[in-house]
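Source: prediction; values computed, not measured. Whatever order the structure lists ligands and atoms in, that order sets their numbers, starting from 1.
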Amino acid sequence: MAPPALKESPLPDTPISTVLLVIALHAEAAPLVADLRLTQDSQAVFPEGVPWVKYSGTYEGLNVHIVTPGKDGIHGCDPVGTVPASLLTFNSIQVLKPDLIINCGTAGGFQAKGAAIADVYLISETAFHDRRNSIPGYREYGVGALEATPVPKLISALQLKTGVLTTGDSLDHVPEDVVIMKANDATVKDMEGAAIAYVAHLLSVPLIMLKGVTDIVDSPAATDEEFLANLSLTAHAIQRTVSKALQFISGKKLSDLQ
Ligand code: SAH
C-alpha cells in the first residue's frame with residue numbers, strides 16, 4: 001500500500017486573478033498559447049541565461065502566464081523531468097505570484113484503471129515511483145504522496161475523470177517501478193507532476209493538474225512510438241480542457257472551486 005497522502009487544507013476566499021500554467025513540452029504549450037492568444041514576452045522575469053520561456057496575456061478576465069523550460073542548452077531537446085520543472089515552478093511562483101497553478105501535459109495511462117488515448121484526467125493525488133529508500137522514515141519521503149488541491153466543483157462542471165498521478169524521471173519503467181506505481185494506485189504516469197506538486201505545496205500555492213494520455217503504460221506497444229503518434233491529438237484535447245477550466249475559474253474565488 002502507498003503511504004497516506006498529505007491532506008491539503010480548505011481553500012481561502014481569495015479571488016483568482018493570476019493563473020500560472022506550467023508545461024514541460026513546447027508541443028503541449030503551443031495549442032494553448034494560440035487558443036488563449038498569449039504572447040511571448042521578453043520581459044526579464046527569469047535569471048539571466050536560463051532557456052525558460054514565458055507567454056502571457058489576459059483570457060476571460062484572468063492574467064494568464066504559460067511557462068515552459070524551453071530548450072536544453074546542451075542537448076537541444078525540451079528539458080523534461082523533475083529538475084527543470086521544479087526550478088521553473090519555484091522561480092515562476094516567486095516572480096509571478098500566482099493565485100493558482102495549473103500543470104498540464106501528456107502522460108502515460110494505465111488501461112487496467114480505465115485510461116484510453118486522449119483522455120484528460122484531473123489528478124487527485126501525486127506520488128513518485130523512482131525514489132526508493134528503505135531506511136526507516138525515508139520510504140514515505142521518497143514516495144512523497146501529496147493529495148491534490150480539492151476542486152470538486154470544477155470536476156463536476158467539466159465532467160472530468162480523476163486519478164492518481166505517479167512521477168519518475170524516465171519515460172520507460174523498470175520492474176521496481178511497476179511495483180511502486182501499483183502501490184501508488186496510479187492511473188497516469190508522467191515525468192514532472194509530483195515534483196511540481198512538491199514545489200506548490202512547499203510555497204502553499206493551490207495546484208490543479210490536468211494530464212492527457214498519449215500512450216498506454218500497461219500494453220506491449222513501444223511507449224516512444226505511441227507517444228509521438230498521439231502527441232498532437234492529446235495536446236489538443238488538453239488545450240480544450242484547460243480552456244474550459246479557465247472559463248469556469250474566471251470571476252471565481254479559490255473557495256468557489258471546492
Ligand atoms: N521525444 C519527446 C520527449 C518527451 S518525454 C518530445 O517530443 O520532446 C515525455 C514527456 O511526456 C514528459 O514530459 C512526460 O511528462 C510525458 N509523458 C508522456 N507519456 C509518458 C510516460 N508513459 N511515462 C512518463 N512520462 C510520459
When rounded to the nearest 0.5 Å, the distance separating CG of Asp185 from CD of Glu125 is 8.0 Å
Hits for side-chain contact (heavy atoms from CB on, under 4.5 Å) against Ser219, two or more places apart or cross-chain, chain-then-number order -> Gln111, Ile216, Ala221, Glu226
**Q.** Lys113 bridged to Asp119 by N-O distance under 4.0 Å
**A.** no
### Query
If you draw a 6.0 Å radius around NZ in Lys161, do more than 12 non-hydrogen atoms from other residues or ligands fall strictly inside?
yes
Evaluate whether atom OH of Tyr198 has more than 12 neighbouring non-hydrogen atoms of other residues, nucleotides or ligands under 6.0 angstrom away. no
Find all protein N or O atoms under 3.5 angstrom from an N or O atom of ligand 1 and list the pairs with distances, or write 'none'.
| from | atom 1 | to | atom 2 | distance (Å) |
| --- | --- | --- | --- | --- |
| ligand 1 | 11 (O) | Thr106 | OG1 | 2.9 |
| ligand 1 | 13 (O) | Glu192 | OE1 | 3.2 |
| ligand 1 | 13 (O) | Glu192 | OE2 | 2.7 |
| ligand 1 | 15 (O) | Met191 | N | 3.0 |
| ligand 1 | 15 (O) | Glu192 | OE1 | 2.6 |
| ligand 1 | 19 (N) | Gly108 | N | 3.3 |
| ligand 1 | 19 (N) | Asp215 | OD1 | 2.8 |
| ligand 1 | 22 (N) | Asp215 | OD2 | 2.7 |
| ligand 1 | 23 (N) | Leu171 | O | 3.3 |
| ligand 1 | 23 (N) | Lys189 | NZ | 2.8 |

*Is the NZ or CZ atom of Arg37 positioned over Tyr59's six-membered ring, under 6.0 angstrom from the centre and within 45° of the axis?*
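Not satisfied by the 6.0 Å and 45° rule.
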